[in-house]
2 protein chains.
Amino acid sequence: MSTVETERPLRIGEVAELIGTTTRTIRYYEEIGLLPGAMDREQGKHRCYTQADVERVREIVRLRDLLGLSLDQLSRLLEAETARAELRREWKLAESGAERRRILDEASAHIATQLELVRGRCHELEQLESELVAKQELVSQRLAELDR
Amino acid sequence: MSTVETERPLRIGEVAELIGTTTRTIRYYEEIGLLPGAMDREQGKHRCYTQADVERVREIVRLRDLLGLSLDQLSRLLEAETARAELRREWKLAESGAERRRILDEASAHIATQLELVRGRCHELEQLESELVAKQELVSQRLAELDR
DNA sequence: CGCTATCCTTACGTTTACGTAAGGTAGAGC
DNA sequence: GCTCTACCTTACGTAAACGTAAGGATAGCG
């Protein structure tokens, strides 16, 4: 689906442009283990990325901006996801139902962790929002009183 | 209301303890203008804080943790609020209704700015949440399929 | 095969948001 | 008045998250 370009490998500059970040940032994330080391790239050769890789980076940047985590914490949060990406390939090879169940259970747990974090943040923000609304109403009320 | 202690002035260490931060942080925030310079303190004398000051710091820390802003951006966001705190004192002296209206209008605009920011963040997080829920459901579905 | 743009690695530089240490002072209690 | 603790200022240190510059290799194109 999507484009006609059936998965043309992207270079790091294109990825950076697409996401709205810099090549340095992407290399840095690879350096600290946030991004898998483009697997089996030989020393000196160009990194190349798939569309899935781009999504991965996009997701990282998003989480970085939305949650207040350090890249280190983020790294730990996504560790499971990194493993999950690898499990995706195991998935098709997994013959036993038990294996498949385990993989799904892990994925589920991982998503649950993220959800908990996101919901916590969300509630805090909603709390803040309602407080601001209350303030706003108070001011409006004062303004109304001036008009009487 | 609240405590019997009718507004005992607090020292910086107590404030830090109350809020769960450090004295260094508080001094730093004062240094960069996030906190008003405890007004008219003479060189070398101890800083002392009112309950209102504590709330101010608490609010700053909260915004710092919740929104993804630099202290510099935060400073600009709260500039209006800093002015507003001063206007509170002007408030009781403001005789003309026009003056009062202006003050209230400014307060309202400032709160609106904050609200916009908070709501934006909130929506982004809700978006992320719903995406995670969708993922979660997909996994659950797969698990259910295994049971058939 | 050569050209050029983009990429590679290495490594030092920079900003933000504090931590920490040194040497001296204020102020509450006795 | 003295003491002891928490505070003061000054200033250097630091971890995180990249920025930036140098010197050289790669890969797509003609």
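Proteins get letters first, then strands, A, B, ... in listed order; numbering begins at 1 in each.
- For the pair Leu35(B) CG and dC18(C) C1', the interatomic distance rounds to 14 Å; values are reported in whole Å.
- When all heavy atoms are compared, the tightest approach of Cys122(B) to Glu126(A) is SG-CG, 3.6 Å.
- When all heavy atoms of Gly33(B) and Ser75(B) are compared, the closest pair comes out as O-OG, 4.3 Å.
- Between Ser108(B) and Val139(A), the shortest heavy-atom contact is CB-CG1, 4.0 Å.
- Atom-to-atom, CD1 of Ile32(B) to P of dT16(C) comes out at 10 Å; the value is rounded to the nearest Å.
- A pairwise comparison of heavy atoms in Glu14(B) and Arg11(B) identifies OE1-N, 2.8 Å as the closest pair.
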Nucleotide N/O to protein N/O under 3.5 Å, stretch nucleotides 4-11 of chain C:
residue: dC7(C); atom: OP1; partner: Gly13(A); partner atom: N; Å: 2.8
residue: dC8(C); atom: OP1; partner: Arg47(A); partner atom: N; Å: 2.6
residue: dC8(C); atom: OP1; partner: Arg47(A); partner atom: NH1; Å: 2.8
residue: dC8(C); atom: OP2; partner: Arg27(A); partner atom: NE; Å: 3.0
residue: dC8(C); atom: OP2; partner: Arg27(A); partner atom: NH2; Å: 2.7
residue: dC8(C); atom: OP2; partner: Arg47(A); partner atom: NH1; Å: 3.4
residue: dC8(C); atom: O5'; partner: Arg47(A); partner atom: NH1; Å: 3.4
residue: dC8(C); atom: O3'; partner: Arg41(A); partner atom: NH2; Å: 3.4
residue: dT9(C); atom: OP1; partner: Arg41(A); partner atom: NH2; Å: 2.6
residue: dT9(C); atom: OP2; partner: Arg47(A); partner atom: NH1; Å: 2.9
residue: dT9(C); atom: OP2; partner: Arg47(A); partner atom: NH2; Å: 2.7

- Assess whether side-chain hydrogen bond (donor to acceptor under 3.5 Å, both in side chains) is satisfied between Gln114(B) and His110(B), documenting all intermediate values. CA-CA 7 Å; Gln114(B) 273 188 237; His110(B) 165 242; 3.0 Å; yes
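- Rounded to whole Å, atom C1' of dC18(C) lies 9 Å from atom CG of Leu71(B).
- Checking the phosphate oxygens (OP1, OP2) of dC18(C), a side-chain nitrogen or oxygen of Tyr29(B) falls inside 4.0 Å.
- Considering only residues two or more places apart in sequence or on other chains, Thr113(A) meets the side chain to side chain donor-acceptor pair (under 3.5 Å) condition with none of them.
- Of all heavy-atom pairs between Arg41(A) and His46(A), the closest is CD-O, 3.3 Å.
- Under the side chain to side chain donor-acceptor pair (under 3.5 Å) criterion, Arg24(B) pairs with no residue, sequence neighbours left out.
- Annotated stems with DNA chain C as a participant read C:1-30 with D:1-30, given as range with range, by first number; only runs of 3 or more Watson-Crick or G-U pairs under 3.5 Å qualify.
- Rounding to whole angstrom units, CD1 of residue Ile26(A) and P of dA17(D) are separated by 17 Å.
- Listed by residue number, the members of residues 61-68 of chain A with any heavy atom below 4.0 angstrom from DNA chain C form an empty set.
- Remark: C1' of dC12(C) and OH of Tyr28(A) are 15 Å apart, rounded to the nearest angstrom.
- Among all heavy-atom pairs drawn from Arg58(B) and Leu18(B), the shortest one is NH1-O, 3.8 Å.
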Show me the side-chain donor-acceptor pairs of residues 59-71 of chain A shorter than 3.5 Å, one per line, residues at least two apart or across chains.
residue: Arg62(A); atom: NH1; partner: Glu131(B); partner atom: OE1; Å: 2.9
residue: Arg62(A); atom: NH2; partner: Glu131(B); partner atom: OE2; Å: 3.1
residue: Arg64(A); atom: NH1; partner: Tyr29(A); partner atom: OH; Å: 2.9
residue: Ser70(A); atom: OG; partner: Asp72(A); partner atom: N; Å: 3.4
residue: Ser70(A); atom: OG; partner: Gln73(A); partner atom: N; Å: 3.1
residue: Ser70(A); atom: OG; partner: Gln73(A); partner atom: OE1; Å: 3.4

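- Interatomic distance, CG of Leu34(B) versus CD1 of Ile26(B), reported as 12.0 Å (0.5 Å rounding).
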